[in-house]
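Structure, as structure tokens:
Note that the structure is a prediction, hence the values are computed from the model and not measured. Just so we're on the same page: letters track the sequence lines, and every chain starts at 1. Atom set for the values below is all heavy atoms of this structure, side chains included, hydrogens, waters and symmetry mates excluded.
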Amino acid sequence: MTFSDFNFDINLFEGLASMGFKTPTPIQAETIPIIQSNHDLIACAQTGTGKTASYLLPVMDAICRMEQRPTISALVLAPTRELAMQIDQQVEGLAYFAGITSMAIYGGGDGIGYEQQRKALREGVDIVIATPGRLIAHMSSGIVRLNEIKFLVLDEADRMLDMGFKDDINRIVREVSSERQTMLFSATMPPKIRAFAKTLLKDPKQVNIAISQPAQGIVQQQYRVGDNQKTPLLKQILQSGDFRSVIVFSSTKEKVKSLGRELSKLELAVQPFHSDLAQEEREQILLRFRNKQLPILIGTDVLSRGIDVVGIDLVVNYDVPPDPEDYIHRIGRTARAERTGTAITFVNSRDSRRFLAIERLMERKVEEAPLPEGIEAAAEVPDHHERRRGNQPNRKRHGGKSKHHQAPKAAHPEGGTTVAATDEKPDSQKKKKKRPFKRRNKGPKPDAPQHVDTPSSEAS
DNA sequence: AAAAAAC
């Protein structure tokens, strides 16, 4: 099957070619004909499967064929600013020859952005991609006309409900003509989403692509660690030089920040990423990360969904995500576009149960990797030896443990990779009690995580 | 146990 089977407008084919799209992905093959035949659609699919293009292409094709275009033809709602931005960029790429206009509408800008958005909404733009809050802000100012919209897309609908956007979405949808065609995409399909979908869609067709199964090309590993072993282990992995594009996830902003400070003391070009950063900074960081100018991001779950960066070889879960589904999303940042990748999770004794829930969701066990030598040694030094001579937090001899590894390859400080110089509280490194480390070692294999390099079979 | 999103 090729894209020409869909009889798209000729200009769209040029966009496809320029974007390097050749063969429809499974979800595209299934979804595009449904949308072309004017049905509502409810689709269970993750990003990276070609989900975005699966709705953009038929929508753009329909827009190309309109004799007269309304002020706004299509509205896409997305949960995060980065995702909205990314969808907009995809429209721009595909629409380059088709003369379709688009605008990402999201908050956090500097005021100029707001005015540009306002102007576009007032004068008309074919496809609007918005986060709900900012769109409502524009609606309140009375300049937005959503009533002529023909296509409404809810992307990452499960996430939007999680984030409490339900009322906002309803408020927006009320303004959109009921003549519209509606498409809802969700990575998961719990009853709550299904019920919500029922209120928005008319007799939808359903498409299911891989509910909770991570991509084939991901090698998953877990390390059983104590809290005090996490950072040394992470350092060793990052300094091994085996990975050139990495995301480290942590569950809170504070931990992301302190980890960023900690790691930037080494010669690692790391950059924290979370919602406390200025939007402009978020955009610059992501751009540099995409361009492989920045090798390591340390982020919250704002990065866990939707963000599609090709070539990430490693995802580290510094802690187990609170929501099992976030795990699937996090590790899905790697092994995209038929590449392979590694996903490593640090599991401490408190996280064991949560990790079991993740394994249950995936219906598979995750291989347990033995801790490398330097880390084991660290665990076996009982802390009271050091502790009783004065209570110095004792932070000066970090990072000297990695003699088994080579100099960091992924550590070119490209330009300023400084950690945001905010006034943070002192490190909250002191844990009340240190649990004895529980290891269930199966055999000595004192090595850094193996990086699997076998290319997956080329599908065509 | 968290994060995200408007001004």
Side-chain angles (χ1 to χ4, degrees), chain A residues 47 76-87 104-118 121 128-144 154-172 186-188 227 230 247-260 272-279 281-283 285-286 297-307 317-330 333 345-358 428 431-432:
Chain A
T47 332
V76 180
L77 294 177
T80 67
R81 298 168 184 173
E82 276 71 24
L83 186 53
M85 211 184 323
Q86 185 178 279
I87 296 166
I105 303 283
Y106 54 82
D110 46 12
I112 298 171
Y114 187 86
E115 281 311 315
Q116 281 175 348
Q117 294 169 14
R118 200 179 142 81
L121 290 171
V128 166
I129 305 101
T131 51
R134 177 55 77 93
L135 182 60
I136 285 181
H138 285 296
M139 284 163 64
S140 308
S141 78
I143 49 138
V144 194
L154 303 174
D155 206 338
E156 303 274 350
D158 49 352
R159 171 64 92 168
M160 288 201 283
L161 285 204
D162 278 354
M163 288 167 59
F165 282 146
K166 190 176 175 186
D167 292 342
D168 285 352
I169 292 172
N170 280 325
R171 178 159 169 211
I172 292 166
S186 189
T188 60
D227 285 334
K230 286 185 175 185
I247 300 184
V248 179
F249 283 104
S250 187
S251 290
T252 70
K253 285 188 272 198
E254 289 312 317
K255 271 200 261 179
V256 163
K257 290 173 194 173
S258 70
L259 209 49
F273 192 98
H274 50 79
S275 65
D276 283 352
L277 298 177
Q279 184 58 28
E281 200 172 359
R282 283 166 65 163
E283 292 173 23
I285 292 168
L286 206 57
L297 282 190
I298 303 176
T300 61
D301 279 308
V302 68
L303 283 178
S304 69
R305 298 202 182 203
I307 301 305
N317 294 308
Y318 188 82
D319 34 42
V320 179
D323 182 349
E325 272 137 23
D326 282 330
Y327 176 84
I328 313 283
H329 290 290
R330 286 182 179 188
R333 296 319 95 204
T345 304
F346 296 169
V347 185
N348 65 21
S349 50
R350 270 170 292 123
D351 287 333
S352 284
R353 274 179 55 201
R354 271 200 294 178
F355 198 70
L356 276 175
I358 288 167
S428 53
K431 293 286 166 203
K432 293 255 169 65

At under 4.0 Å between heavy atoms, what does [X] touch on the DNA or RNA strands: base, sugar-phosphate, or nothing?
| X | value |
| --- | --- |
| Asp276(A) | nothing |
| Phe165(A) | base |
| Gly108(A) | sugar-phosphate |
| Arg282(A) | sugar-phosphate |
| Asp326(A) | base |

Output the rounded distance in Å from [atom1] ([X]) to [atom2] ([N]).
| X | N | atom1 | atom2 | value |
| --- | --- | --- | --- | --- |
| Lys253(A) | dA1(B) | NZ | P | 18 Å |
| Asp301(A) | dA3(B) | CG | P | 9 Å |
| Glu156(A) | dA5(B) | CD | P | 13 Å |
| Leu83(A) | dA3(B) | CG | C1' | 15 Å |
| Glu82(A) | dA5(B) | CD | C1' | 11 Å |
| Arg305(A) | dA5(B) | CZ | C1' | 15 Å |
| Phe355(A) | dA1(B) | CZ | P | 22 Å |
| Arg354(A) | dA1(B) | CZ | P | 11 Å |

Quick check for you: among [options], whose closest atom lies nearest to any side-chain atom of [X]?
| X | options | result |
| --- | --- | --- |
| Ala137(A) | dA2(B), dA4(B), dA6(B) | dA6(B) |
| Ser275(A) | dA1(B), dA6(B), dA4(B) | dA4(B) |
| Pro322(A) | dA5(B), dA2(B), dA3(B) | dA2(B) |
| Asp351(A) | dA1(B), dA2(B), dA5(B) | dA1(B) |

Could you work out, with side-chain hydrogen bond (donor to acceptor under 3.5 Å, both in side chains) as the rule, every residue matching Lys253(A), not counting sequence neighbours?
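Residues passing side-chain hydrogen bond (donor to acceptor under 3.5 Å, both in side chains) with Lys253(A): Ser275(A), Asp276(A).
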
Spatial distance of atom CD1 (Ile247(A)) from atom CZ (Arg333(A)) [nearest 0.5 Å]
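Reported value, rounded in 0.5 Å steps: 7.5 Å.
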
Out of curiosity, Asp351(A) CG to Arg353(A) CZ, how far, rounded to the nearest 0.5 Å?
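Here the rounded value is 11.5 Å.
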
So, is Thr300(A) close to the dA4(B) phosphate, meaning a side-chain N or O under 4.0 Å from OP1 or OP2?
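Affirmative; the distance criterion is met.
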
Any side-chain donor near an acceptor of the partner, Gln86(A) and Glu82(A), under 3.5 Å:
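Side-chain D/A pair, Gln86(A) to Glu82(A): absent.
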
Using only modelled atom types and a 3.5 angstrom limit, is any donor from either the side chain of Arg81(A) or the base of dA4(B) paired with an acceptor on the other?
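Absent.
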
Qualifying residues under ring-ring contact (aromatic ring centres under 6.0 Å, His included), relative to Tyr327(A), sequence neighbours excluded
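Testing Tyr327(A) for ring-ring contact (aromatic ring centres under 6.0 Å, His included), a comparison that skips the adjacent residues, returns Phe355(A).
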
